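Keep in mind that what you see is a predicted model, and the values were worked out from it rather than measured. Read the numbers this way: they start at 1 and go in the same order the structure lists the ligands and their atoms.
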Amino acid sequence: MRHRMAVVLIAGALWALAASGAAPAQAEDKAALIKQRQGLMKQQAADLKAIQNYVSGGTDQDTAIAKVTEMMTLPPQIVALFPPGTSTAEFPGATHAKPDIWQQWDRFRDVPSVLLRAEQRLAEAIKNGSKQDVLDQVDAVGRSGCGACHTYFRAPLDD
Ligand code: HEC
């Protein structure tokens, strides 16, 4: 319980930081930010995979807790990694970020907090639930967090 509180507090602090500290990106920083956000996305995918691995018996509960704890630090960082001028229009071939992100910014900006809440439920399931609970919450993270954003805002990866 104390552990969970600490995680929530850290996530909250990062959230506040991301909301207040996002300075407009310089043009030369944009390509680096694109790489950075792709790295963050890959990290999320790897963490989620490790948690699925826990469900199938490949790793232990402590590992799954470490992975979900790491995951929860990531959503608050997402929005700051998407400055205007970093879509497929400006960086064709280097990014899959659709221009729709900035046309529907309010909608885009809200998804990471939905993702974080789903991850908090996932953390709870890993700590106190059954493997089936964990699986259900992994699906919820994928659907309401990752998928909800990709469906609208990410261009197909085979483009
Ligand atoms: C707020 C929107 C949003 C959320 C939430 C989100 N993604 Fe993404 N994701 C994107 C966008 C946009 C891209 C394309 C980024 C680019 O190419 O610059 C992307 C790209 C990716 C990539 C490809 C990275 C690469 O190497 O090019 C992976 C993998 C990925 N996301 C996994 C995830 C997973 C797993 C989650 C949930 C845990 C998630 N994403 C949540 C918007 C989101």
Side-chain angles (χ1 to χ4, degrees), residues 7-8 10-12 14-19 21-22 24-56 58-59 63-127 133-159:
V7 164
V8 170
I10 291 167
L14 283 168
W15 189 265
L17 198 68
Q26 303 298 311
E28 63 268 27
D29 292 339
K30 288 179 178 171
L33 282 177
I34 290 172
K35 287 232 175 333
Q36 205 181 325
R37 74 193 181 203
Q38 290 171 340
L40 179 150
M41 292 290 165
K42 279 192 194 125
Q43 182 70 60
Q44 297 192 118
D47 288 342
L48 206 54
K49 203 165 172 207
I51 294 165
Q52 281 170 321
N53 201 17
Y54 161 64
V55 174
S56 57
T59 46
T63 304
I65 290 173
K67 296 296 179 185
V68 77
T69 303
E70 177 175 83
M71 272 193 103
M72 286 189 288
T73 67
L74 301 176
Q77 301 176 38
I78 291 177
V79 165
L81 295 176
F82 286 87
T86 60
S87 78
T88 49
E90 294 89 4
F91 289 89
T95 181
H96 290 89
K98 287 163 106 177
D100 306 60
I101 291 172
W102 295 274
Q103 285 152 17
Q104 302 179 50
W105 182 250
D106 286 350
R107 184 177 186 180
F108 178 82
R109 195 186 52 188
D110 283 347
V111 187
S113 57
V114 175
L115 173 61
L116 181 59
R117 282 197 294 277
E119 289 172 355
Q120 285 163 348
R121 285 191 291 273
L122 174 59
E124 193 55 41
I126 294 170
K127 286 169 198 164
D133 293 335
V134 176
L135 201 56
D136 291 347
Q137 294 307 323
V138 166
D139 285 350
V141 163
R143 234 178 316 108
S144 69
C146 326
C149 199
H150 294 164
T151 301
Y152 298 103
F153 299 119
R154 186 176 75 168
L157 290 182
D158 55 5
D159 267 12

Which residue and heavy atom of the protein sit nearest [atom], plus the separation:
atom                    : answer
atom 27 (O) of ligand 1 : Gln38 CG, 3.6 Å
atom 26 (O) of ligand 1 : Lys42 CE, 3.0 Å
atom 15 (C) of ligand 1 : Arg37 NE, 4.0 Å
atom 18 (O) of ligand 1 : Thr95 OG1, 2.5 Å

Using every non-hydrogen atom in the two residues, find where [X] and [Y] come nearest and quote the distance to one decimal.
X      : Y      : answer
Ile34  : Ala94  : CG2-O, 3.5 Å
Leu74  : Leu40  : O-CD1, 3.9 Å
Phe153 : Asp100 : CE2-O, 3.6 Å
Thr86  : Glu90  : N-OE1, 3.6 Å

> Looking at Phe153, which atoms of ligand 1 are within less than 4.0 Å of one of its heavy atoms?
Replying inline: 12 (C)

> Cut-off 3.5 Å, side chains only: do Gln43 and Glu70 have a donor facing an acceptor?
Replying inline: yes

> With distance as the sole criterion, is a donor-acceptor pair present between the side chains of Arg117 and Ser144 under 3.5 Å?
Replying inline: no

>> With 2.8 Å as the limit, count the protein N, O or S atoms near atom 8 (Fe) of ligand 1.
In response: 2

>> Side chain, backbone, both or neither: which applies to Lys98 and ligand 1 if a contact is any heavy-atom pair less than 4.0 Å apart?
In response: neither

> Any idea how Phe82 and Trp102 line up, ring-wise: parallel (<30°), tilted (30 to 60°), or perpendicular (>60°)?
Replying inline: tilted

>> Donor-acceptor pair, distance only, cut-off 3.5 Å: does the side chain of Ser113 make one with the backbone of Asp110?
In response: yes

> What do you reckon, does Arg109 put a non-hydrogen atom under 4.0 Å from ligand 1?
Replying inline: no

>> Is Phe91 close enough to touch ligand 1? Criterion: a residue heavy atom under 4.0 Å from a ligand atom.
In response: no

